[in-house]
2 protein chains.
Amino acid sequence: MTPQRPTMNDVARTAGVSLKTVSRVVNGEATVAPDLVAKVRAAVESLDYRPHLGASMLRRNDRRTRTIGVLLDDVSHPFSAALHRAVEDQARARGIHVLTGSLDQDPVREQALATAFAERQTDGLILAPTGGDLGHLEAHTGMPVVFVDRIPAGVTGDSVVSTNVSGAAGAVRHLVAQGHRRIGYLGGRRLLSTARERHRGYLRALGSHPGPAVHDLHDPTAAERAAIAMLRAPDPPTALFTTQSMVTTGAIRALRRLGRERSVALIGFDDFPLADLLDPPVTVVAQDPSRMGRTAATALFERIDGYDGPPREIRIPTTLIPRGSGEL
Amino acid sequence: MTPQRPTMNDVARTAGVSLKTVSRVVNGEATVAPDLVAKVRAAVESLDYRPHLGASMLRRNDRRTRTIGVLLDDVSHPFSAALHRAVEDQARARGIHVLTGSLDQDPVREQALATAFAERQTDGLILAPTGGDLGHLEAHTGMPVVFVDRIPAGVTGDSVVSTNVSGAAGAVRHLVAQGHRRIGYLGGRRLLSTARERHRGYLRALGSHPGPAVHDLHDPTAAERAAIAMLRAPDPPTALFTTQSMVTTGAIRALRRLGRERSVALIGFDDFPLADLLDPPVTVVAQDPSRMGRTAATALFERIDGYDGPPREIRIPTTLIPRGSGEL
DNA sequence: ATGAAAGCGCTAACAC
DNA sequence: GTGTTAGCGCTTTCAT
């Protein structure tokens with residue numbers, strides 16, 4: 001026996017007006033006589049009426065739910081979390097709500113959540129693609145999609161990504177400028193465009209003399225092991241370049257374990273909290289996840305509002321932040 | 001001229017069956033002849049039909065949207081982000097989606113988002129209350145609410161919070177056991193139950209001899225200034241207890257600035273990434289945001305499923321993690 | 001086992 | 001200015 005929530009009809013009855021008049025008042029249409037407005041307001045108040053957005057949206061001509069979906073690697077990861085927050089802020093400014101999901105790089109979950117969001121009629125989607133086949137995601141779900149962080153194989157929408165190649169190349173050149181000639185590379189999954197691009201930047205900076213490289217790392221423990229192995233091998237590198245924060249922290253732990261944190265230089269791609277409080281402070285190529293989120297949200301809203309130009313690839317600049325570990 | 005998404009009616013027509021048969025197939029009701037099922041499946045496939053959850057939900061008897069709202073301080077803060085992630089995982093296991101929002105401790109936004117979620121018919125809400133007046137939130141929105149992290153003034157629902165008093169008291173006793181007699185307190189907003197409870201624990205451990213205290217801090221810069229002032233005052237404390245991670249990092253910066261990080265002990269409430277890599281490593285009272293999120297989600301789902309017992313106050317234990325800074 | 005009709009809460013189109 | 005009618009896409013109820 002839960003007390004039913006009141007409907008517009010209930011309000012109309014208690015206010016002694018027609019359903020449509022209530023609708024007009026609730027939607028702020030100006031063409032209602034002041035005394036009726038007052039009556040309706042009073043009835044809304046007394047019944048504690050709240051409109052049913054689902055029903056409204058069903059009948060409305062512009063079938064908008066004013067909801068978007070945001071699918072990221074892991075909402076608890078600092079990069080994803082900052083991006084999520086920025087999207088949320090842009091959305092709030094437009095009275096739009098955000099459904100979230102963490103994909104953990106799982107293409108199955110990606111597909112499932114994108115479909116589920118489509119069934120909920122989200123107006124659009126911001127997606128950090130897992131690298132699985134997205135096929136014709138946009139045609140399939142019927143909603144505009146903006147990709148963030150990574151560019152999927154079969155592009156069907158705008159993407160907002162960091163300047164990975166130049167950022168990585170800049171970092172490695174910075175190490176070269178400090179006199180390093182043998183620079184190790186510790187990178188993430190090559191399935192993803194980020195790892196490939198950052199590796200390309202690394203190679204570009206080193207020309208025909210690249211150092212040792214380990215690929216497809218994505219948790220700190222594996223990165224730590226890989227770094228230790230690399231530093232213990234014959235002719236070890238004098239500097240390390242890591243392509244994501246999980247790998248960077250693994251490398252830091254490795255250097256500590258070997259007592260080499262003051263002798264082997266390190267630059268990590270992607271900034272992380274407290275990097276400046278470590279010893280030595282960690283030099284990074286900082287991304288700007290907030291700006292990426294803002295930009296992606298803006299691009300998505302343009303698409304939702306009907307912009308129909310060709311897919312855009314928007315690059316967000318990175319910044320080298322020298323703090324010490326890259327200047328050894 | 002956007003191509004309309006197909007409806008059940010379209011599917012029925014192309015499959016040559018009635019609307020209702022399509023509905024049965026889509027909802028997996030067993031009472032449909034295999035050949036009709038096949039026809040419907042084919043039509044669904046060829047039209048790329050996807051059911052409209054909003055319409056379904058409107059007509060259905062159990063008016064569930066299978067969506068919950070999660071309102072936290074800031075989805076990009078590590079504590080909130082970890083909690084969010086845990087809620088999401090529990091929700092996914094039940095096929096439930098999550099709408100998120102960051103409140104930035106703003107009661108106006110809290111009220112607005114809670115109302116907006118109610119209008120979207122979310123089945124329930126997990127809320128880190130801002131400290132503003134919530135009045136009869138549950139009665140008002142008509143959905144169950146579970147509070148996390150903090151207990152609001154006028155309780156109207158379950159709450160899931162850390163063992164703040166005993167956690168704080170344990171930390172301070174730990175400092176006393178190291179020989180400290182003068183222990184400074186740097187705390188967050190007393191409007192919130194967390195700060196009050198942690199201060200109570202601090203007082204309990206010190207009996208009638210509390211040290212200097214500064215309250216109502218909530219950003220690192222203010223905390224840093226307060227810590228510097230406290231340490232420069234006459235008869236400065238030999239140890240600090242901080243009640244949240246933002247304040248803790250502020251205190252760390254202050255100790256560094258004064259060159260006292262190896263002479264003044266520090267224990268912070270709430271763990272944070274890389275605390276173990278700092279120098280000295282930071283001793284903390286770790287909360288368990290994942291468990292809090294899991295527990296809150298479970299409690300909420302119980303309420304959604306009709307459990308109607310009295311409000312529950314669930315305490316999640318904290319853990320003292322000695323790493324060095326608290327053992328000076 | 002299948003279908004026809006009614007209606008969820010609301011807005012659009014068109015009266016009055 | 002206000003009310004009436006129809007119907008969004010779907011599930012229910014009830015008939016066949």
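Throughout, a chain's letter reflects where its sequence line sits, starting with A, and its residues are numbered from 1.
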J.: For A:His84 and B:His84, take the angle between the two ring planes, folded into 0 to 90°, and tell me which bin it lands in: parallel under 30, tilted 30 to 60, perpendicular over 60.
T.: tilted
J.: Starting from P on D:dA6, measure out to CG on A:Leu19 and report it in whole angstrom.
T.: 15 Å
J.: Apply salt bridge (Lys or Arg N to Asp or Glu O under 4.0 Å) to residues A:Arg85 and B:Asp74 and explain how you reach the verdict.
T.: CA-CA 8 Å; A:Arg85 176 62 206 252; B:Asp74 178 352; 3.1 Å; yes
J.: Using a heavy-atom cut-off of 4.0 Å to chain B, what are the terminal contacting nucleotides of DNA chain C, in 5' to 3' order?
T.: C:dA1 to C:dG9
J.: Just to verify, what does B:Arg92 make a side-chain hydrogen bond (donor to acceptor under 3.5 Å, both in side chains) with, not counting sequence neighbours?
T.: B:Glu88, B:Asp89
J.: Using a cut-off of strictly less than 4.0 Å between a heavy atom of the residue and any atom of DNA chain D, enumerate the qualifying residues of residues 45-66 of chain A by number.
T.: A:Leu58, A:Arg59, A:Arg63
J.: Using a cut-off of strictly less than 4.0 Å between a heavy atom of the residue and any atom of DNA chain D, enumerate the qualifying residues of residues 20-36 of chain B by number.
T.: B:Lys20, B:Ser23, B:Asn27
J.: Given side-chain contact (heavy atoms from CB on, under 4.5 Å), test A:Ile151 with A:Thr194 step by step and report yes or no.
T.: CA-CA 8 Å; A:Ile151 302 177; A:Thr194 39; over 6 Å; no
J.: If only atom types and distance count, is the side chain of A:Thr100 paired as donor or acceptor with the main-chain N or O of A:Val70 below 3.5 Å?
T.: no
J.: Note down the inter-axis angle between the two ends of the helix from C:dA1-D:dT16 to C:dC16-D:dG1, five pairs each, to the nearest 10°.
T.: 40°
J.: Please list, chain by chain and in numerical order, all residues satisfying ring-ring contact (aromatic ring centres under 6.0 Å, His included) with B:His52, sequence neighbours excluded.
T.: none
J.: Whether A:Arg150 and A:Asp73 form a salt bridge (side-chain N of Lys/Arg under 4.0 Å from carboxylate O of Asp/Glu) is what I want to check.
T.: yes
J.: Do the charged groups of B:Arg66 and A:Glu119 touch, with an N to O distance under 4.0 Å?
T.: no
J.: Quick one, A:Gln111 with A:Arg109, criterion side-chain contact (heavy atoms from CB on, under 4.5 Å). Give me CA distance, side-chain angles, the key distance, then yes/no.
T.: CA-CA 5 Å; A:Gln111 184 59 54; A:Arg109 208 187 282 175; over 6 Å; no
J.: Which atom pair, heavy atoms only, marks the closest approach of A:Asp123 to A:Pro144?
T.: O-CD, 3.4 Å
J.: Apply salt bridge (Lys or Arg N to Asp or Glu O under 4.0 Å) to B:Arg303 and B:Asp305, showing your working.
T.: CA-CA 5 Å; B:Arg303 294 289 179 182; B:Asp305 292 344; over 6 Å; no
J.: For A:Val11 and A:Val44, work out which heavy atoms get closest and say how close.
T.: CG1-CG2, 3.9 Å
